[in-house]
Amino acid sequence: MPAFESDPRVPGGGEPLDFIREIVKRDKLSGLYGGRVVTRFPPEPNGYLHIGHAKSICLNFGVARDFGGVCHLRFDDTNPETEDMKYVESIMRDVRWLGFDWQDRLFFASDYFEQLYGFAVRLIRDGKAYVDSLNEEEIRRYRGGVTEPGRESPYRGRSVEENLDLFARMRAGEFPDGAHVLRAKCDMAASNMKMRDPLLYRIRHATHYRRGGKWCLYPMYDFAHPLSDAIENVTHSICTLEFENNRAIYDWLLDNLFPSQRPHQYEFARLNLDYTVMSKRKLLALVEEGLVSGWDDPRMPTIAGMRRRGYTPEGIRLFAARIGVDKANSRVSMELLENAIRDDLNALAPRVMAVLRPLKVTITNYPEGKVEWLDAPYWPRDIDKGGSRKVPLSREVVIEQTDFLENPPADWIRLRPGGEVRLRSAYFIRCEEVERDPATGDAVGLRCTYDPDSLGKPAKGARKKTTAVQWVSAAHAVKAEVRLYDRLFSVADPESAGDGKSFTDFLNPGSAEIVRGCLVEPSLAGSSPGERFQFLRHGYFVADEGDSRPGALVFNRIVDLKDRYRKHLGKTD
RNA sequence: UGAGGAGUGGUGAAACGGCAUCACGCCUGGCUCUGGACCAGGUUUUCCAGGUUCGAAUCCUGGCUCCUCAGCCA
């Protein structure tokens, strides 16, 4: 059972809680919010969600679930220049696909513009905000530096009346972009740079994807976010570490405007994954420069990419549960993700036979024209599931090129000249002769004999030390294209490679290997896009949602099987 | 050289003054009609230096290293 349904980390469950849940539990027990727990996932609709967001989604929705609370989906859409409805749609799809439900709690910061404006007016009336007319460059200079205090703007002392008038005219569209901004009156000498009179509003004569041309005055994140949380009665506002310094503004605003039962912000470390990048900017660059096929390229760490790759929501949630939540910056190794995906797929994906790089085998003592339809179970005995299909056997079959070696090492358990191996769910065959390309001398086919008495019988003697290989009847095989995906980058941390190099310099050239001419068993002919299988001894595969259709099958490798032998070979060579 | 955070095996986490634990990885062996899964065993850890204490990953002092902040992005 995936972690989602049976997450043991519930309050009072005895299991250790992460520090966020520890806080929520404390607040729930103390009755701080009357026992209410309200979280929110607040994406900006300006890009696609990625695995890092999945961590946050699992946290926010998971905390709400664990403590009998609710989680809102709120779009933080306060920047008209980058946001778009198409992103809103993709984000909603991705959150749903991950298995979370915000029910009727779908919110948009852009719906709060009028209320937000009212809060700004209140701050001005209270003498806690002012209209600044310095230009961008001047504001930067007045702000000072990390070791130098800032200076107060000459406009800081404007009267409440003048500020009110100016602010109203900013809203009315009387000024061009950048002419004025609204700032909080905090402390220009604050050692926390974020508190040097943070900007609250800026003028943008731009069309907002939801509000159209109604506004030309837009709130900044630091203003809109805490107030949106408060408007929605959020209790625990969970965000990533880079907002730690912003918490001072969060608290300043809410202490001034929502003194009781106000939300509090807590920060956790965002996810970093080896061999990929996680920043929206870099992901966008990969898409725009055509270095990947799109946001849903199966190599992308986006939710859309992982979905197309064939990853399961349960597997991703399991991964999120396993990596935990903490405040220490970290970088998670790919194995953790892949193992979680395998874990889920193991009990989910029926076993079928596919030969990626075929080697022809003629069974010389098998009658010409004879076909046997053999029963092949979909599941190994350790999976508690039944069901099977029929696979045809005939005189000519194909096996994997990598399952035959002329001069194998001592621990080889596959086919060799004079050796035996079982065709999975069928008979033992013995390699009697190697057919060679007269020009190159390469093995191009094998002539084998089969043991008609070995069907369904346990292996004995030397046969016990061999394995059972996948195979497909040549006459019945279905052609397929198989896409073998691998890590997108060839270095663990492409973002900090430095030395004038771009992260794109570290793309893994072998991250998408297309193998055509694969032969799969006939039962796969009708597989529908999105169907997942384990190709025996290869890995987990999914019929590609974009390109696969009956008659032109395309399979994506979701993740390969662990392979101790491959590792072992790598070491002894 | 300001402020705010963070340092526990190879990786991610747990232990909340009392035997450093779990998952992943790696290594052995077993089992297997998948060199998968599963089972058994093993490997490796508290940033440094002092201090308090019967006892410190945990408390105190001082260092070191890393991350974040000087967008009218979020």
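Side chains included, hydrogens not; waters and symmetry mates left out as well; all remaining heavy atoms used. A, B, ... follow the sequence lines: proteins, then strands. Residue 1 opens every chain.
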Student: Tell me the interatomic distance from A:Glu137, atom CD, to B:rC72, atom P, rounded to whole angstroms.
Tutor: 11 Å
Student: Has A:Arg143 got a side-chain N or O lying under 4.0 Å from the OP1 or OP2 atom of B:rG71?
Tutor: yes
Student: Select base, sugar-phosphate, or nothing to describe what A:Ile139 touches, counting heavy atoms under 4.0 Å on all strands.
Tutor: base
Student: Which part of the nucleic acid, if any, lies within contact of A:Leu561, taking any heavy atom under 4.0 Å across all strands shown: a base, the sugar-phosphate backbone alone, or nothing?
Tutor: base
Student: Within the structure, does a side-chain N or O atom of A:Arg322 lie under 4.0 Å from either OP1 or OP2 of B:rA13?
Tutor: no
Student: Does A:Arg140 put a side-chain nitrogen or oxygen below 4.0 Å from OP1 or OP2 of B:rG71?
Tutor: yes
Student: Nearest-Å distance, CD (A:Glu244) to P (B:rA6)?
Tutor: 7 Å
Student: Taking A:Arg141 first and then A:Glu137, would you say they form a salt bridge - that is, a charged N and a carboxylate O separated by under 4.0 Å?
Tutor: yes
Student: Mind checking A:Thr78 for me? I need base, sugar-phosphate or nothing, with any heavy atom below 4.0 Å counting as a touch.
Tutor: sugar-phosphate
Student: Using a 4.0 Å heavy-atom cut-off, does A:Asp222 contact any base of the nucleic acid, only the sugar-phosphate backbone, or nothing at all?
Tutor: nothing
Student: Measuring to OP1 and OP2 of B:rG25, would you say a side-chain N or O of A:Asn339 lies under 4.0 angstrom away?
Tutor: yes
Student: So, are A:Arg537 and A:Asp403 salt-bridged, with charged N and O less than 4.0 Å apart?
Tutor: yes
Student: Could you tell me how the ring of A:Phe108 sits relative to the ring of A:Phe75: parallel (under 30°), tilted (30 to 60°) or perpendicular (over 60°)?
Tutor: parallel
Student: Just to confirm, is there a sub-4.0 Å distance from OP1 or OP2 of B:rG10 to any side-chain nitrogen or oxygen of A:Ser333?
Tutor: no
Student: In whole angstrom, what separates A:Phe243's CZ from B:rC69's C1'?
Tutor: 12 Å
Student: Of all the choices, B:rG12, B:rC72, B:rC24, which nucleotide is nearest to the side chain of A:Glu136 once you look at every atom?
Tutor: B:rC72
Student: Taking only side-chain N and O atoms of A:Lys562, does any of them lie within less than 4.0 angstrom of OP1 or OP2 on B:rA37?
Tutor: yes
Student: A:Arg351 near the nucleic acid: base, sugar-phosphate alone, or nothing, with a heavy-atom cut-off under 4.0 Å?
Tutor: base
Student: Only pairs with both distances under 3.5 Å count, Watson-Crick or wobble alike; so what is the partner of B:rU58 in this structure?
Tutor: none
Student: Using a 4.0 Å heavy-atom cut-off, does A:Leu273 contact any base of the nucleic acid, only the sugar-phosphate backbone, or nothing at all?
Tutor: nothing
Student: Classify the glycosidic conformation of B:rG42 as syn or anti, calling it syn when the angle lies within 90° of 0.
Tutor: anti
Student: Looking only at N and O atoms, is any donor in the side chain of A:Gln534 or the base of B:rU34 less than 3.5 Å from an acceptor on the other one?
Tutor: yes
Student: What class does the angle between the rings of A:Phe113 and A:His208 fall in, given that below 30° is parallel, 30 to 60° is tilted and above 60° is perpendicular?
Tutor: perpendicular
Student: Heavy atoms only, 4.0 Å cut-off, all strands: where does A:Glu22 land among base, sugar-phosphate and nothing?
Tutor: base
Student: Separation of A:Asp326 atom CG from B:rA15 atom C1', in whole Å?
Tutor: 13 Å
Student: Rounded to whole angstroms, how far apart are CZ on A:Arg424 and P on B:rA37?
Tutor: 14 Å
Student: Looking only at side-chain atoms of A:Glu335, point me to the closest of B:rU34, B:rC69, B:rG25.
Tutor: B:rG25
Student: Considering every strand and a 4.0 Å limit on heavy-atom distances, what is the contact class for A:Asp382: base, sugar-phosphate, or nothing?
Tutor: base
Student: On the side chain of A:Asn192, is there an atom forming a donor-acceptor pair with the base of B:rG2 - under 3.5 Å, no angle test?
Tutor: no
Student: Taking A:Ser454 for its side chain and A:Asp451 for its backbone only, find out whether a donor-acceptor pair lies under 3.5 Å.
Tutor: yes
Student: Can you check whether A:Ser330 has a side-chain N or O nearer than 4.0 Å to OP1 or OP2 of B:rA13?
Tutor: yes
Student: Counting any heavy atom closer than 4.0 Å, what does A:Met220 reach on the DNA or RNA strands: base, sugar-phosphate only, or nothing?
Tutor: sugar-phosphate
Student: What does A:Asn135 touch in the nucleic acid at a heavy-atom separation under 4.0 angstrom: a base, only the sugar-phosphate, or nothing?
Tutor: base
Student: Please tell me whether A:Glu81 and A:Tyr218 have a donor and an acceptor in their side chains that are separated by less than 3.5 angstrom.
Tutor: no
Student: Classify A:Val332 by what it touches in the nucleic acid, base, sugar-phosphate, or nothing, heavy-atom distance under 4.0 Å.
Tutor: sugar-phosphate
Student: What is the distance, to the nearest angstrom, from the CG atom on A:Leu318 to the P atom on B:rA23?
Tutor: 13 Å
Student: Specify the separation, in whole Å, of atom CG of A:Leu199 and atom P of B:rC72.
Tutor: 5 Å
Student: Classify the nucleic acid contact of A:Trp379 as base, sugar-phosphate or nothing, counting any heavy atom under 4.0 Å across all strands shown.
Tutor: nothing
Student: Using only side-chain N and O atoms of A:Arg202, determine if any of them is under 4.0 Å from OP1 or OP2 of B:rA74.
Tutor: yes
Student: So, is A:Arg381 close to the B:rC33 phosphate, meaning a side-chain N or O under 4.0 Å from OP1 or OP2?
Tutor: yes
Student: Which part of the nucleic acid, if any, lies within contact of A:Lys327, taking any heavy atom under 4.0 Å across all strands shown: a base, the sugar-phosphate backbone alone, or nothing?
Tutor: sugar-phosphate
Student: Without decimals, in angstroms, what is the distance between A:Arg566 CZ and B:rC27 P?
Tutor: 12 Å
Student: NA contact type, A:Gly456, heavy-atom cut-off 4.0 Å: base, sugar-phosphate, or nothing?
Tutor: base
